Structure formats: structure tokens, C-alpha cells
Chemist: 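This is the structure I want to talk about, given as C-alpha cells.
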Amino acid sequence: MISGKITKAINDQINKEIYSAYLYIGMAAYAASMALGGISNWFRAQAKEELGHAEKFMNYLSEQGGELVLKAIAAPDQKFTSVAGLFDKTLDHEKEVTASIHNLVTLAKKEADYATEIFLQWFVTEQIEEEASVSDIIQKLEIGGKGGNAILVLDKALALRK
């Protein structure tokens with residue numbers, strides 16, 4: 001049986017994952033408003049992925065006999081000023097999620113909850129991929145310039161994400 005502390009921490013993480021999806025939906029809308037359908041596609045795919053993460057946590061909680069407690073999802077900041085800014089904000093956000101996952105791992109170790117510790121390893125690895133993916137996009141924008149043709153090339157490339 002999962003402890004109350006772990007149950008609360010996982011419920012908090014579910015909220016963070018859904019918030020992430022909400023944030024990325026807003027970013028997708030911003031990109032779409034600029035006729036950047038490929039970048040919008042990337043953020044919509046990212047939102048779906050975050051909802052998938054929340055679902056993994058919900059399923060795990062259920063399998064371990066923990067109670068799901070859904071809370072209000074905070075409204076994300078929707079003041080975007082540039083495509084480069086979207087990805088900078090995304091990287092900062094993913095670093096926050098990484099820290100949150102690491103805190104969960106620390107708590108699982110402290111609670112001697114080996115099942116949760118093992119479960120969380122998938123998320124530790126996933127966050128490495130998340131940060132690397134966004135860092136790669138930011139680096140491409142820095143190399144190509146943060147405007148004009150570089151954004152159009154990036155838009156075309158990100159349209160391929162499924």
C-alpha cells in the first residue's frame with residue numbers, strides 16, 4: 001500500500017502534468033495565431049504527451065491503492081512575445097518538472113517505497129529527453145537566427161512531429 005505522503009506527492013505531480021498540457025495548449029494557440037502550424041503542432045503533441053504522463057501517474061496511483069484527488073489547474077501565463085520565447089519558457093518549465101520528479105524520487109527513497117522509486121525512473125529518463133529536445137530547438141534557433149527564415153524552416157520541421 002502506498003503511503004499518504006507519496007499519494008499526496010503523486011496527486012501534486014498529476015496536477016503539474018495537466019498544468020503543463022494547459023501551458024502547451026496556450027503556446028500552440030499562440031503559434032497558430034502567427035500562421036506557424038508546424039510549431040503549433042509540436043506544442044499540441046507536447047500537450048498530449050503531458051496528459052499521457054498524468055494518466056501514467058493516475059494509473060499507478062490506482063494500482064497502488066492510492067486515492068486520486070484532483071485539484072484546480074492554475075491558469076498559465078499567456079503573455080508570449082516571440083517563438084524563441086516560447087521555447088525558452090518551455091525549457092524553463094521542463095526544468096521545473098524535472099526538479100519535481102527528482103523530489104518525488106527523493107521522497108520515495110526516504111519512504112523506502114521501492115515500487116514507486118522504480119516507477120519514477122521512467123520519468124527521470126523522460127525528463128532528460130524532454131529537456132534535450134527543447135534545448136536542440138533553442139540551439140537551432142540560435143544558429144539560424146531567431147526570426148524570419150529560421151522560424152519558417154523550424155516550423156516546417158516541427159510539423160512532422162506526431
Side-chain angles (χ1 to χ4, degrees), residues 6 8-58 60 70-110 116-117 119-162:
I6 297 285
K8 182 186 179 319
I10 289 176
N11 275 302
D12 290 345
Q13 190 64 38
I14 290 166
N15 187 275
K16 290 173 186 173
E17 298 293 341
I18 296 170
Y19 171 87
S20 296
Y22 206 26
L23 174 65
Y24 296 145
I25 288 167
M27 291 177 168
Y30 174 79
S33 76
M34 297 176 64
L36 297 170
I39 292 169
S40 179
N41 172 67
W42 189 91
F43 280 108
R44 285 191 317 273
Q46 193 68 19
K48 287 177 188 171
E49 190 173 293
E50 300 302 338
L51 291 174
H53 295 170
E55 187 173 6
K56 277 182 188 275
F57 277 110
M58 286 185 267
Y60 180 75
L70 296 176
K71 301 179 225 168
I73 307 300
D77 180 15
Q78 295 293 288
K79 294 181 178 112
F80 308 120
T81 58
S82 69
V83 170
L86 290 178
F87 290 103
D88 289 338
K89 186 170 187 152
T90 298
L91 182 58
D92 289 343
H93 179 72
E94 288 299 336
K95 287 179 179 181
E96 290 174 16
V97 173
T98 298
S100 182
I101 296 293
H102 290 177
N103 289 339
L104 273 170
V105 172
T106 300
L107 178 60
K109 287 178 187 255
K110 189 176 182 181
T116 299
E117 187 178 346
F119 168 74
L120 291 170
Q121 291 309 304
W122 183 89
F123 289 95
V124 170
T125 303
E126 176 67 9
Q127 284 308 120
I128 293 168
E129 178 188 310
E130 296 281 2
E131 288 185 30
S133 171
V134 179
S135 292
D136 183 63
I137 293 167
I138 291 169
Q139 188 174 21
K140 284 177 174 46
L141 280 170
E142 288 173 358
I143 292 168
K146 294 185 178 185
N149 290 339
I151 289 176
L152 295 176
V153 170
L154 182 65
D155 186 62
K156 185 175 182 178
L158 296 183
L160 301 175
R161 181 175 181 193
K162 302 216 186 272

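Residue numbers run from 1 in the order of the sequence given. Model, not experiment: these values are computed from the prediction.
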Chemist: According to ring-ring contact (aromatic ring centres under 6.0 Å, His included), who are the partners of Y30, at least two apart in sequence or on a separate chain?
Modeler: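 If we apply the ring-ring contact (aromatic ring centres under 6.0 Å, His included) test to Y30, skipping adjacent residues, the hits are F80.
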Chemist: Quick one: closest heavy-atom pair of F87 and V134, and the distance?
Modeler: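 Smallest interatomic distance, heavy atoms only, reads O-CG1, 3.4 Å.
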Chemist: Under the rule for side chain to side chain contact (heavy atoms under 4.5 Å, CB included), what residues qualify as partners of D12, not counting sequence neighbours?
Modeler: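 D12 satisfies side chain to side chain contact (heavy atoms under 4.5 Å, CB included) with K8, K71 once adjacent residues are dropped.
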Chemist: Sequence neighbours left out, what passes side chain to side chain contact (heavy atoms under 4.5 Å, CB included) with A54? Give chain and number order.
Modeler: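 By the side chain to side chain contact (heavy atoms under 4.5 Å, CB included) rule, A54 matches I14, E17, I18, M58.
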Chemist: Can you list the residues that meet the side chain to side chain donor-acceptor pair (under 3.5 Å) rule with Q127, with sequence neighbours excluded?
Modeler: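 Counting only residues at least two positions away or on another chain, Q127 forms a side chain to side chain donor-acceptor pair (under 3.5 Å) with E94, T98.
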Chemist: Can you name the side chain to side chain donor-acceptor pair (under 3.5 Å) partners of S100, sequence neighbours left out?
Modeler: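 Result, side chain to side chain donor-acceptor pair (under 3.5 Å) vs S100: Q13, K16.
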Chemist: Supply the atom-to-atom distance I10 CD1 to L107 CG, rounded to the nearest 0.5 angstrom.
Modeler: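 I10 CD1 to L107 CG: 9.0 Å, rounded to 0.5 Å.
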Chemist: Nearest 0.5 Å, what's the CG-NE2 distance between L120 and H102?
Modeler: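 Nearest 0.5 Å value for the CG-NE2 distance: 10.0 Å.
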Chemist: Using every non-hydrogen atom in the two residues, find where S20 and V97 come nearest and quote the distance to one decimal.
Modeler: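 Minimum heavy-atom contact is OG-CG2, 3.9 Å.
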Chemist: Drop me the distance from I6's CD1 to N11's CG, to the nearest 0.5 angstrom.
Modeler: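 Rounded to the nearest 0.5 Å, the CD1-CG separation comes out at 11.5 Å.
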Chemist: L23 and F43: side-chain contact (heavy atoms from CB on, under 4.5 Å), yes or no, with the steps?
Modeler: CA-CA 9 Å; L23 174 65; F43 280 108; over 6 Å; no
Chemist: Write out all pairs satisfying salt bridge (charged side-chain N to carboxylate O under 4.0 Å, His left out) with one or both partners inside residues 122-133, taking only residues at least two apart or from two chains.
Modeler: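 Qualifying pairs: none.
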Chemist: Just grab all the salt bridge (charged side-chain N to carboxylate O under 4.0 Å, His left out) pairs involving residues 132-141, residues at least two apart or on different chains.
Modeler: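 For residues 132-141, and leaving out neighbouring residues, the salt bridge (charged side-chain N to carboxylate O under 4.0 Å, His left out) pairs sorted by first residue read D136-K140.
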Chemist: Please name the pair of heavy atoms, one in A31 and one in S40, separated by the smallest distance, quoted to 0.1 Å.
Modeler: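 Smallest interatomic distance, heavy atoms only, reads CB-N, 3.6 Å.
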Chemist: A quick test of your reading: do over 12 heavy atoms of other residues, nucleotides or ligands sit less than 6.0 Å from CD of Q139?
Modeler: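 Not more than 12 within 6.0 Å, no.
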Chemist: Can you name the ring-ring contact (aromatic ring centres under 6.0 Å, His included) partners of F119, sequence neighbours left out?
Modeler: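 By the ring-ring contact (aromatic ring centres under 6.0 Å, His included) rule, F119 matches F57, Y60, F123.
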Chemist: Please identify each residue that fulfils side chain to side chain donor-acceptor pair (under 3.5 Å) with D77, with sequence neighbours left out.
Modeler: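 Once residues adjacent in sequence are excluded, the partners of D77 under the side chain to side chain donor-acceptor pair (under 3.5 Å) criterion are K89.
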Chemist: Please enumerate all residues that pass side chain to side chain contact (heavy atoms under 4.5 Å, CB included) together with T125, with sequence neighbours excluded.
Modeler: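 T125: no side chain to side chain contact (heavy atoms under 4.5 Å, CB included) contacts found.
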Chemist: Considering residues at least two apart in sequence or located in another chain, which fulfil the side chain to side chain donor-acceptor pair (under 3.5 Å) criterion with K95?
Modeler: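 K95 satisfies side chain to side chain donor-acceptor pair (under 3.5 Å) with no other residue.
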Chemist: Pair up each side-chain donor or acceptor in residues 150-162 with any protein partner under 3.5 Å, not counting sequence neighbours, and list the distances.
Modeler:
| residue | atom | partner | partner atom | Å |
| --- | --- | --- | --- | --- |
| D155 | OD1 | G37 | N | 3.4 |
| D155 | OD1 | G38 | N | 2.8 |
| D155 | OD1 | I39 | N | 2.8 |
| R161 | NH1 | W42 | O | 3.2 |
| R161 | NH1 | Q46 | OE1 | 2.7 |
| R161 | NH2 | Q46 | OE1 | 2.9 |
| R161 | NH2 | E49 | OE1 | 3.0 |

Chemist: How long is the straight-line distance from CG of D88 back to OG of S135, given to the nearest 0.5 Å?
Modeler: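 With rounding to 0.5 Å, OG (S135) is 10.0 Å from CG (D88).
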Chemist: Verify the neighbour count for atom OH of Y22: are there more than 12 heavy atoms of other residues, nucleotides or ligands below 6.0 Å?
Modeler: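 Count not over threshold, so no.
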Chemist: From T116 OG1 over to L104 CG, what is the distance, rounded to the nearest 0.5 angstrom?
Modeler: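 CG of L104 is found 9.0 Å from OG1 of T116.
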Chemist: Supply the atom-to-atom distance L51 CG to I25 CD1, rounded to the nearest 0.5 angstrom.
Modeler: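 Rounded to the nearest 0.5 Å, the CG-CD1 separation comes out at 6.5 Å.
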